[in-house]
Amino acid sequence: MPSYSLLNLKTLLRAVGRGSIWYDTGAFPGTGNDLDLTHLGDTRGAITPAATYNLSELKVRELYGESPLEASAAGPAVDLTFEIWAADKELVRNIIQPVAGAPGGTFRPRPVTEYTLVVFPEKLFIEDDVQVAVAYTTAGGWTVGGDAASSDQEEMIKNALFFWRGYWTEPAMPVYQYDEGGESLFSATFRAMPNLNMPDGNVVYTAGDPADESIEIAAA
Amino acid sequence: MRWDNVVAAVVTAVNADAALSTATGGETLKPWSASADIEVPALRYEVAENVPGESTELIGINIAYWITGMSAAATVERRLIRVLHNDEWRTLGGVYMATLHRSTTPTADPDPGVVHRTLSFHFQPVREKYT
């Protein structure tokens, strides 16, 4: 006999908090390679991933109306949008660029410059208001500040997003103003691309710990 | 919480300004206190607001001055703005932050001939966990 009971609302996870964005140049070569990540910069406001599928629906309107009898989904296409402080000329000129090394336009179209992008919950890197390093080894798993990740920290890693290949849709440009201390905030969009080196089900992105999907992001 | 770092930076920068010191006859910037009388000339500050943001923290500091005569008042005010305002983020007293003069408001003059005005500044360093 099936039995149904409510979840305990007091223990439901409801918040993730601020994210931090990390990048590596080039698409990730596949499991068993070191994923070396650099912190992209400081963001303000929400880091929002938006995923869409191309849906193909078989409808038998004479019988079932608009309710699809069968459907298949292709995708997802994911855009990650966020606002980043873009005052650092290295970030503006060389990193957030559809075509690296040619920030001001080219004579002919060029292939985009590919990146691997990871969003971690920021609190993973801060223990008792002190910033710590996060590391991963195939043998030992995740460590935070040199110690094995606690169960809370393992939960935070489950809220990480790994985009295995993608590009920036617009070049970052500085914003000029007097107000707000002259702050330069740029709206960046990272568009994920399929990475065929990744296992089925993780071709565009992996949510959570890649090891749970048999993806090792370290050589050892 | 970074107002203590910011206050230290502000007090050091203001007290180090030679032109301001000359205009006020060597008066230094002190915390505003309800229990102590004001003797003209005087410079007082108070931390008026402290708003934690996402990765930065906004700290509003009001600096009030009392001085005799308009031309001395203009000098004091101009020097305070010169020392404490910058269009871009910068390092002041070891703290990297935005330093902005937001407004100046006249306050009731305590005595004839004394100019008493309050300058409002915004300081915006990154939050403590990122320092």
Side-chain angles (χ1 to χ4, degrees), chain A residues 15-22 38-48 81-92 119-134 144-145 152-153 156 159 172-188, chain B residues 1-7 9-10 13-14 45 47-63 77-78 80-105 119-131:
Chain A
V16 179
R18 232 166 88 88
S20 65
I21 299 180
W22 301 71
T38 307
H39 192 190
L40 182 67
D42 188 15
T43 59
R44 175 188 284 176
I47 299 167
T48 311
T81 52
F82 53 89
E83 285 202 319
I84 187 161
W85 303 78
D88 178 349
K89 64 183 183 300
E90 169 69 15
L91 183 71
V92 169
V119 187
F120 285 110
E122 190 189 65
K123 59 189 173 185
L124 182 61
F125 296 85
I126 298 170
E127 275 184 327
D128 301 328
D129 276 1
V130 175
Q131 296 176 43
V132 293
V134 174
V144 178
D152 279 358
Q153 287 161 339
M156 292 176 204
N159 282 321
M173 293 199 184
V175 177
Y176 309 92
Q177 64 169 337
Y178 167 76
D179 282 337
E180 309 299 338
E183 71 181 13
S184 178
L185 270 175
F186 174 77
S187 269
Chain B
M1 191 214 79
R2 298 209 61 199
W3 61 263
D4 53 341
N5 308 139
V6 173
V7 163
V10 166
V14 168
Y45 72 84
V47 180
E49 61 177 333
N50 196 351
V51 186
E54 196 177 308
S55 58
T56 62
E57 180 174 334
L58 189 145
I59 294 155
I61 296 181
N62 292 342
I63 297 182
E77 204 166 310
R78 181 171 290 116
L80 283 171
I81 295 168
R82 182 71 61 85
V83 171
L84 294 180
H85 174 90
N86 200 50
D87 282 0
E88 295 180 331
W89 279 52
R90 56 152 168 183
T91 302
L92 184 72
V95 183
Y96 183 62
M97 58 182 166
T99 54
L100 291 180
H101 172 229
R102 300 306 291 181
S103 63
T104 304
T105 47
L119 287 79
S120 172
F121 291 92
H122 277 181
F123 300 93
Q124 199 177 359
V126 295
R127 290 180 66 176
E128 198 151 39
K129 64 180 177 179
Y130 301 116
T131 55

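Model, not experiment: these values are computed from the prediction. Lettering follows sequence order; numbering is per chain, from 1.
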**Request:** Write down the atom of B/Val83, the atom of B/Leu92, and the distance for their closest heavy-atom approach.
**Result:** O-CD1, 4.5 Å
**Asked** With a 4.5 angstrom heavy-atom cut-off, which part of A/Arg18 approaches chain B: side chain, backbone, both or neither?
**Response** side chain
**Item:** Proximal component of B/Thr99, with respect to chain A [non-hydrogen, under 4.5 Å]
**Value:** neither
**Mutual orientation of the aromatic rings belonging to A/Phe125 and A/Trp22 [parallel < 30°, tilted 30-60°, perpendicular > 60°]** = parallel
**Complete:** If one checks every heavy atom of B/Glu54 against chain A at 4.5 Å, the contacting part turns out to be both
**Message:** What I want to check is whether the side chains of A/Glu122 and B/Tyr130 have a donor and an acceptor closer together than 3.5 Å.
**Reply:** yes
**Request:** Could you grab the distance from atom CD1 of B/Ile81 to atom OG1 of B/Thr104, nearest 0.5 Å is fine?
**Result:** 5.0 Å
**Item:** B/His85 portion near chain A, given a 4.5 angstrom heavy-atom threshold
**Value:** side chain
